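One structure is given here, and the rest of the page talks about it.
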Amino acid sequence: RELPYAKSVYREGKAEGKAEGKAEGKAEGEARGRAAGKAESVLTILEARGVRVSKALRGKILACTDSALLDQWLRRAASAKSVLDVLGAN
């Protein structure tokens, strides 16, 4: 037997869930994009300063998604003499 009200509620719930999922996915994607941009900036600054970065440490920097840590690395990169000056104990 047909339950029009139940179908309507189901459709509404499904649409809401889909919209929430899209919004969450978009926010996560934007955050990842910002982190990737900051990581690339750290590497660009180090390169401009003539600081060599090993493949392993380049990978570590590019894999970082912690925005606050990346901000800290960006500030340190401006005056770093080595990549270890940037990464510190991290």
Side-chain angles (χ1 to χ4, degrees):
R1 115 186 149 152
E2 293 271 329
L3 299 171
Y5 177 74
K7 282 184 178 183
S8 171
V9 169
Y10 169 77
R11 272 191 235 105
E12 275 182 36
K14 185 175 175 182
E16 271 182 42
K18 195 173 187 178
E20 286 176 20
K22 280 184 180 181
E24 286 176 21
K26 183 179 178 187
E28 283 179 28
E30 288 173 353
R32 271 189 252 130
R34 281 190 299 276
K38 288 180 181 185
E40 288 288 346
S41 294
V42 169
L43 294 171
T44 299
I45 292 169
L46 291 173
E47 180 184 333
R49 296 183 46 74
V51 175
R52 294 179 53 94
V53 181
S54 70
K55 253 187 178 176
L57 291 179
R58 177 178 295 278
K60 179 177 179 158
I61 292 167
L62 291 172
C64 183
T65 58
D66 181 331
S67 185
L69 182 58
L70 286 162
D71 286 340
Q72 184 179 59
W73 289 352
L74 274 167
R75 286 188 293 278
R76 290 178 182 171
S79 61
K81 290 182 175 53
S82 78
V83 71
L84 296 178
D85 292 340
V86 174
L87 301 181
N90 304 97

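Just so it is clear, the structure is predicted and the values come from calculations on it, not from any experiment. Counting from 1, the numbers follow the sequence of the chain as shown.
Rounded to the nearest 0.5 angstrom, Trp73 CH2 and Leu46 CG are separated by 10.5 Å. In this structure, OG in Ser41 is found 9.5 Å from CG in Leu70, a value given to the nearest 0.5 Å.
Between Asp71 and Lys38 the shortest side-chain heavy-atom distance falls below 4.5 Å. Put simply, the side chain of Arg34 does not reach to within 4.5 Å of the side chain of Ser67, judged on heavy atoms. Leu87 is listed as a side-chain neighbour of Ile61, based on a closest heavy-atom distance under 4.5 Å.
Closest approach of Val51 to Ala80, counting heavy atoms only: CG2-O, 3.7 Å. Between Ala77 and Val42, the closest heavy-atom pair is CB-O, 4.3 Å. Closest approach of Cys64 and Ala35 over heavy atoms only: O-CB, 4.0 Å.
With hydrogens and angles disregarded, a donor-acceptor distance shorter than 3.5 Å links the side chain of Arg49 to the backbone of Ala78.
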